[in-house]
Amino acid sequence: MPQQATASGYHYELGPIRPPSEAHSLLVRVSRNCPWNRCRFCTTYRGTTFEARKPEDVMQDIDRMAKIAEILTEIAGDNERITRTVMEEAFHRGLPPDSAYQVALFLAHGGRNVFLQDANSLDIDKGEMEAILLHLRRRFPRVTRVTTYARSMTLKRLGSEVLRRFREAGLTRVHVGLESGDLETLKRIHKGVGPRQHIEGGRAAKEAGLELSEYVMPGVAGRERSEMHARETARVLNAIDPDFIRLRTFFPLPGSGLADDLAAGRVTAMKEPEIVSEIRILVRNLEGIESRLVSDHDRNLLPELEGRLPDDRAEMLAVLDRYLDLPQEEKDLFLVGRRLGHFRPLDDLENAASRPLIRKVMEDLRRRYGDVETGLYRSIEVHM
């Protein structure tokens with residue numbers, strides 16, 4: 001007889017965010033919110049308090065995920081594909097849609113990757129983290145990648161020996177918000193860490209055998225410290241040699257401290273070509289490392305900017321130069337097309353069918369705001 005579910009026995013807790021690279025990962029909420037929660041560019045956890053979830057509750061969630069996976073796999077049968085028909089049968093059997101869909105997404109993409117939420121889950125009891133990782137390995141033995149967000153200060157405090165224990169229990173990768181290597185910028189954004197701590201935390205993760213993704217925020221320093229931000233960030237990354245350098249172009253979220261700085265004129269917002277020039281300085285100054293640079297967020301203007309250092313540096317610089325060499329009209333056209341979802345790589349500028357619509361939007365932005373880029377982002381803010 002088919003296994004009949006009751007929705008209350010299959011719900012599990014989910015946090016609010018995960019990295020784009022974890023879009024198809026199983027999401028396991030180990031902690032709630034952020035223990036630092038003072039970064040002036042972020043509003044995700046405003047008004048909340050960090051807390052570690054009870055390990056038995058996390059393990060119960062993992063058990064529920066495993067049960068859902070068993071039911072979906074049973075319904076799929078020999079075909080093993082998670083189709084709409086499989087999901088309809090799962091809902092008919094009583095599986096809650098939100099929980100079933102998340103597990104189905106994980107299975108449909110191979111069932112190999114897990115992301116531990118929320119913002120800094122390594123900041124819990126070390127023994128409890130190990131127990132959770134080991135339980136996850138028991139219930140999902142096919143999983144090969146387990147990742148989480150982590151602060152550099154947390155990695156530094158834990159040290160390579162503790163991090164190695166986590167790796168042996170199943171953790172494979174940490175995602176770290178570097179944002180900048182410039183001390184003054186780090187102070188202004190209230191990151192709570194300096195360049196030296198970034199380096200020490202990153203090296204501890206690498207020494208433990210963990211893969212390391214470092215997130216860089218082009219544009220966050222403003223026009224005044226743009227070049228210093230790029231050069232110092234490259235210096236810190238060169239000292240760490242992370243596996244991945246992921247670009248997260250700064251966007252002033254309404255209600256954030258940095259948005260207030262821009263509105264008050266304490267810092268000057270950068271135009272997109274200036275941000276691309278800043279990224280060029282960063283790439284030019286990355287030396288002696290074998291990191292892979294990735295532009296995997298929709299906020300980034302140039303998604304094709306990707307490659308491994310040092311071999312792909314010339315190709316990446318060519319992408320940046322190709323954009324910078326465009327006439328201003330073509331820069332505006334690409335920007336609007338990119339933000340409207342018509343364009344992704346620069347090659348999409350050759351899409352003649354999209355150009356009349358995008359040009360019409362450009363003309364409307366100029367008429368209403370006087371400047372295409374200013375008007376575009378004011379329009380985005382209104383709809384956020």
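In what follows, residues are counted from 1 in the order of the sequence shown.
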For this session: Determine whether more than 12 heavy atoms belonging to other residues, nucleotides or ligands lie under 6.0 Å from atom CD of Glu56.
Result: yes
Problem set entry | Of Arg235, Arg231, Arg313, the residue whose pairing with Glu287 passes salt bridge (Lys or Arg N to Asp or Glu O under 4.0 Å) | Arg313
Problem set entry | Step-by-step side-chain contact (heavy atoms from CB on, under 4.5 Å) determination, Tyr45 to Phe50 | CA-CA 9 Å; Tyr45 299 106; Phe50 179 78; over 6 Å; no
For this session: Before giving the answer on side-chain hydrogen bond (donor to acceptor under 3.5 Å, both in side chains), spell out for Glu224 and Thr268 the whole-Å C-alpha distance, their side-chain angles and the decisive distance to 0.1 Å.
Result: CA-CA 7 Å; Glu224 293 79 0; Thr268 306; 2.5 Å; yes
Seminar exercise, completed: Note: Glu278 and His229 closest approach over all heavy atoms is OE2-CD2, 3.1 Å
Exercise. Between the side chain of Ser295 and the main-chain N/O of Glu306, is any donor-acceptor distance below 3.5 Å?
Worked result: no
Exercise. Is it the case that more than 12 heavy atoms not belonging to Glu168 sit under 6.0 Å from its CD atom?
Worked result: yes
Exercise. Given Asp260 and Arg40, is the salt bridge (charged side-chain N to carboxylate O under 4.0 Å, His left out) satisfied, shown in steps?
Worked result: CA-CA 9 Å; Asp260 294 342; Arg40 299 182 70 243; 5.9 Å; no
Exercise. Hey, what do you get for CD (Glu272) to CD (Glu373), rounding to the nearest 0.5 Å?
Worked result: 5.0 Å
Seminar exercise, completed: Between the CD atom in Gln102 and the OG atom in Ser25, the distance rounded to the nearest 0.5 Å is 8.5 Å
For this session: Indicate yes or no: at least one non-hydrogen side-chain atom of Asp243 is less than 4.5 angstrom from one of Lys206.
Result: yes
For this session: Give a yes or no answer on whether the side chain of Ser99 reaches the backbone of Pro96 with a donor-acceptor pair at less than 3.5 Å.
Result: no
For this session: Could you please spell out the steps behind the salt bridge (charged side-chain N to carboxylate O under 4.0 Å, His left out) verdict for Arg359 and Asp364?
Result: CA-CA 9 Å; Arg359 195 170 296 281; Asp364 182 58; over 6 Å; no
For this session: Answer yes or no: is there a side-chain heavy-atom contact under 4.5 Å between Ile279 and Leu305?
Result: yes
Exercise. Atom CG of Asp182 and atom CZ of Arg225: how far apart are they, to the nearest 0.5 Å?
Worked result: 4.0 Å
For this session: May I ask you to test the Lys191-Thr185 pair for a side-chain heavy-atom distance under 4.5 Å?
Result: no
For this session: With the side chain counted from C-beta on, respond yes when Arg32 and Glu13 share a heavy-atom pair under 4.5 Å apart, and no when they do not.
Result: yes
Exercise. Side chain of Thr73, backbone of Ala69: donor and acceptor closer than 3.5 Å?
Worked result: yes
Exercise. Does the ring of Tyr377 carry Arg299 above it, NZ/CZ under 6.0 angstrom from centre and within 45° of its axis?
Worked result: yes
Exercise. Rest of the hydrophobic cluster containing Trp36 (Ile/Leu/Val/Met/Phe/Trp/Tyr, side-chain heavy atoms under 4.5 Å)?
Worked result: none
Exercise. Considering only heavy atoms from C-beta outward, does the side chain of Asp118 approach that of Pro16 to under 4.5 Å?
Worked result: yes
Problem set entry | Atom CE of Met87 with >12 non-hydrogen neighbours under 6.0 angstrom | yes
Exercise. Do the side chain of Asp125 and the main chain of Glu128 share a donor and acceptor less than 3.5 angstrom apart?
Worked result: yes
For this session: May I ask you to decide whether Glu89 forms a salt bridge with Arg93, counting only side-chain N to carboxylate O separations under 4.0 Å?
Result: yes
Exercise. Transitive ILVMFWY cluster of Leu357 at side-chain heavy atoms under 4.5 Å: who else is in it?
Worked result: none
Exercise. Between atom CG of Leu178 and atom CD1 of Ile240, what is the distance when rounded to the nearest 0.5 Å?
Worked result: 6.0 Å
Problem set entry | Sub-4.5 Å side-chain heavy-atom contact between Arg280 and Ile275 | no
Exercise. Does the salt bridge (charged side-chain N to carboxylate O under 4.0 Å, His left out) test come out yes or no for Arg164 and Glu161, once each step is laid out?
Worked result: CA-CA 5 Å; Arg164 188 173 291 110; Glu161 289 305 313; 2.7 Å; yes
Seminar exercise, completed: Shortest non-hydrogen pair, Gly337 vs Ile358, comes out as CA-CD1, 3.6 Å
For this session: Locate the shortest heavy-atom distance separating Gly192 from Arg151; write the atom from each residue and the value.
Result: O-NH2, 3.5 Å
For this session: Could you walk me through whether Ser121 and Ser31 pass the side-chain hydrogen bond (donor to acceptor under 3.5 Å, both in side chains) test, one step at a time?
Result: CA-CA 6 Å; Ser121 289; Ser31 62; 2.9 Å; yes
For this session: Output yes when Arg139 and Glu70 qualify as a salt bridge under the 4.0 Å nitrogen-oxygen rule, no when they do not.
Result: yes
Exercise. With Val372, which of Gln328, Arg366, Lys331, Glu329 fulfils side-chain contact (heavy atoms from CB on, under 4.5 Å)?
Worked result: Arg366
For this session: Without swapping roles, check the side chain of Asp241 against the backbone of Ile289 for a donor-acceptor pair under 3.5 Å.
Result: no
For this session: State whether Asp298 and Arg248 are salt-bridged, where the test is any N-O pair (Lys NZ or Arg NE/NH1/NH2 against Asp/Glu carboxylate O) under 4.0 Å.
Result: no
For this session: With side-chain contact (heavy atoms from CB on, under 4.5 Å) as the test, would you mind laying out the steps for Met217 and Ile189 before giving the verdict?
Result: CA-CA 11 Å; Met217 194 172 283; Ile189 68 177; 6.0 Å; no
For this session: Could you check if a side-chain atom of Ser291 sits within less than 4.5 angstrom of a side-chain atom of Leu237, using non-hydrogen atoms only?
Result: no
Problem set entry | Row check, Phe334 ring normal vs Arg338 NZ/CZ: under 6.0 Å, within 45° | no
For this session: May I have the step-by-step check of side-chain contact (heavy atoms from CB on, under 4.5 Å) for Lys271 and Val276, ending in yes or no?
Result: CA-CA 9 Å; Lys271 299 289 189 181; Val276 173; over 6 Å; no
For this session: Kindly assign one of parallel, tilted or perpendicular to the pair Tyr149 and His175, based on the angle between their ring planes and the thresholds 30° and 60°.
Result: perpendicular
Exercise. Are any non-hydrogen side-chain atoms of His342 and Asp348 less than 4.5 angstrom apart?
Worked result: no
For this session: Indicate, with yes or no, if Phe91 and Leu107 share a hydrophobic cluster defined by side-chain heavy-atom contacts under 4.5 Å among Ile, Leu, Val, Met, Phe, Trp and Tyr.
Result: yes
Exercise. Does a salt bridge link Arg145 with Glu22, judged by any charged N lying under 4.0 Å from a carboxylate O?
Worked result: yes
Exercise. Would Phe106 and Met65 count as a side-chain contact (heavy atoms from CB on, under 4.5 Å) if you check the C-alpha gap in whole Å, the side-chain angles of each, and the deciding distance to 0.1 Å?
Worked result: CA-CA 10 Å; Phe106 160 73; Met65 294 172 186; over 6 Å; no
For this session: Tell me, yes or no, whether the heavy-atom count around Arg344 atom CZ, taken from other residues, nucleotides or ligands under 6.0 Å, exceeds 12.
Result: no
Problem set entry | Gap separating the CG atom of Asp63 from the CZ atom of Arg138, nearest 0.5 angstrom | 9.5 Å
Problem set entry | Nearest-0.5 Å distance that lies between atom CZ in Phe115 and atom CG in Leu26 | 12.0 Å
Exercise. Do Ser226 and Glu274 pass the side-chain hydrogen bond (donor to acceptor under 3.5 Å, both in side chains) test, and can you show the C-alpha distance, the side-chain angles, and the key distance before you say yes or no?
Worked result: CA-CA 9 Å; Ser226 174; Glu274 293 175 310; over 6 Å; no
Exercise. Within the side chain of Gln117, is there an N or O that forms a donor-acceptor pair under 3.5 Å with the backbone of Ile17?
Worked result: yes
Problem set entry | Asp61: which of His11, Arg53, Arg29 passes side-chain hydrogen bond (donor to acceptor under 3.5 Å, both in side chains) | Arg53
Exercise. Within the side chain of Asn300, is there an N or O that forms a donor-acceptor pair under 3.5 Å with the backbone of Leu247?
Worked result: yes
